[in-house]
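A quick write-up on the structure given underneath.
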Amino acid sequence: MKTLTTVSAAIELGAGLALASFPSALVKLLLGVPLDAPVAVLLGRLAGAALLALGIACWLARADAASRAARGVVAAMLIYNLSAVAVFLFAGFGPKLVGLALWPAIILHAVMAGWCLVSLRRGQPS
């Protein structure tokens with residue numbers, strides 16, 4: 001679980017920093033359209049802050065990967081990654097919002113969700 005939480009931390013810290021700093025540019029990469037309204041940019045920055053928080057939780061959990069708290073972080077990341085896959089799939093197939101990074105993001109989140117699931121099912125001691 002230590003490698004999983006470390007990799008998750010790196011991904012979420014990077015994505016969170018990018019989204020908090022350049023929300024419109026990142027959304028354009030993912031969905032093919034920039035954020036136009038100030039409220040959309042604000043919500044993008046808030047989402048970036050949330051990803052930073054997830055990244056920090058993963059980073060801190062890596063030091064005690066066998067604990068129940070670390071398993072809780074991995075379970076939360078499983079839900080987050082599954083949700084990201086669902087939302088991005090809807091964006092691609094529903095309103096056809098497809099940017100250059102959409103399909104790689106879907107694949108990345110699906111792989112991370114699978115890794116979380118495998119890690120949780122191993123039944124590591126808590």
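Hydrogens, waters and symmetry mates play no part in the numbers below; they use all other heavy atoms, side chains included. Just so it is clear, the model here is predicted, and its values are computed rather than measured.
Taking the side chain to side chain contact (heavy atoms under 4.5 Å, CB included) definition, one finds that Trp59 meets it with Thr6, Ala9, Arg62, sequence neighbours left out.
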Without placing hydrogens or testing angles, list every side-chain donor-acceptor pair under 3.5 Å for residues 21-45, not counting sequence neighbours.
from, atom 1, to, atom 2, distance (Å)
Ser21, OG, Leu17, O, 2.8
Ser24, OG, Leu35, N, 3.0
Ser24, OG, Leu35, O, 3.3
Arg45, NH1, Ala20, O, 2.5
Arg45, NH1, Ser21, O, 3.4

Extract all donor-acceptor atom pairs below 3.5 Å that involve side chains of residues 77-102 and protein atoms in other chains or at least two apart in sequence.
from, atom 1, to, atom 2, distance (Å)
Asn81, OD1, His109, ND1, 2.7
Asn81, ND2, Met77, O, 2.9
Ser83, OG, Ile79, O, 2.8
Lys96, NZ, Phe93, O, 3.1

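Residues Leu46 and Leu51 do not share a hydrophobic cluster, clusters being chains of Ile/Leu/Val/Met/Phe/Trp/Tyr side chains in contact below 4.5 Å. Cluster annotation: Ile106 is not connected to Val111 through the hydrophobic network of ILVMFWY side chains, with a link wherever side-chain heavy atoms come within less than 4.5 Å.
The shortest distance between side-chain heavy atoms of Trp115 and Thr3 falls below 4.5 Å.
Atom CG of residue Leu120 and atom CZ of residue Arg71 lie 5.0 Å apart, to the nearest 0.5 angstrom. Put simply, CG on Leu117 and CE on Met112 are 13.0 Å apart, with the number rounded to the nearest 0.5 Å.
When all heavy atoms of Ser119 and Met1 are compared, the closest pair comes out as OG-CG, 3.2 Å.
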